Amino acid sequence: MSNSKFQLSAVKFVKRIVVGNDNPERMKTEEEVQSEMAIVNRCLNELPRGVIIGLEKNFGLYNIGEHQVVLQSLVYNIGFERKPVWIDG
C-alpha cells in the first residue's frame, strides 16, 4: 500500500493463495508447494505491494483405505489497492 499506515478500506482486490495440501485426493509435490510460496512472496514484494489481511490455518486427518493421512495448509488472503497486472484470475 502506498501510505505508511495500512487502511483496510483501501483494499480493492484480494488474492487468495493456498499453500500446502488441501485435497486428500491429490497430494501436492514439494515443487508445487514451493511455487505457491513464491507467489505469496511475489505478492508481498513486487509493486503494487500487497498486505496479508487474513490467514487461514487448516488441518485435516483423513482415512484413505487402511492409511491415515494428515493434511495441513495455510491460506493467505493478500489485499491490494488495485489488481496487479501480473496476477491471472
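No hydrogens, no waters, no symmetry mates; every other heavy atom, side chains included, goes into these values. This structure is a prediction, so every number in the text was calculated from the model and none was measured.
Transitive grouping of hydrophobic side chains (ILVMFWY, heavy atoms separated by less than 4.5 Å) brings F13 and V40 into a common cluster. When the side chains of ILVMFWY residues are joined at heavy-atom separations under 4.5 Å, either directly or via intervening members, L47 and V85 end up in two distinct hydrophobic clusters. In the hydrophobic clustering of this structure, V19 groups with I87; members are Ile, Leu, Val, Met, Phe, Trp, Tyr whose side-chain heavy atoms approach within less than 4.5 Å, directly or through other members.
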With side-chain contact (heavy atoms from CB on, under 4.5 Å) as the test, would you mind laying out the steps for N77 and I52 before giving the verdict? CA-CA 6 Å; N77 295 290; I52 297 174; over 6 Å; no

Report the C-alpha distance between T29 and Q34 in whole Å, list the side-chain angles of each, state the deciding distance to 0.1 Å, and finish with yes or no for side-chain contact (heavy atoms from CB on, under 4.5 Å). CA-CA 9 Å; T29 65; Q34 292 297 325; over 6 Å; no

Could you walk me through whether E46 and N41 pass side-chain contact (heavy atoms from CB on, under 4.5 Å), step by step? CA-CA 8 Å; E46 289 191 16; N41 287 328; over 6 Å; no

Start with the C-alpha gap between V75 and I17, add the side-chain angles, then the distance that decides, and say whether side-chain contact (heavy atoms from CB on, under 4.5 Å) holds. CA-CA 6 Å; V75 180; I17 304 168; over 6 Å; no

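Considering CD of E30 and OG of S35, their distance stands at 11.5 Å, rounded to 0.5 Å. Summarising the geometry, atom CG belonging to N63 is positioned 11.0 Å from atom NE2 belonging to H67; distances are rounded to the nearest 0.5 Å. The line from CG of N21 to CE of M27 is 4.0 Å long, rounded to the nearest 0.5 Å.
Two residues are said to be in side-chain contact when any heavy atoms from C-beta on lie closer than 4.5 Å; D22 and Q72 fail this criterion. Here the side chains of V11 and F80 are not in contact, with every heavy-atom distance at 4.5 Å or above. A heavy-atom distance below 4.5 Å is found between the side chains of P48 and R82. Residues M37 and E32 have side chains not in contact (no heavy-atom distance under 4.5 Å, counting atoms from C-beta outward). Here the side chains of I78 and L44 are in contact, with some heavy-atom distance below 4.5 Å. The shortest side-chain heavy-atom distance between R16 and E56 falls under the 4.5 Å cut-off. In this structure, N58 and L74 have side chains that are not in contact, with every pair of non-hydrogen atoms separated by 4.5 Å or more. Looking at V18 and Y76, their side chains never come closer than 4.5 Å, going by heavy atoms from C-beta outward.
Listed for the R42 side chain is no donor-acceptor partner under 3.5 Å among the backbone atoms of A38.
Cluster note: F59 groups with L61, V70 through ILVMFWY side-chain heavy atoms spaced under 4.5 Å, whether in direct contact or through intervening members.
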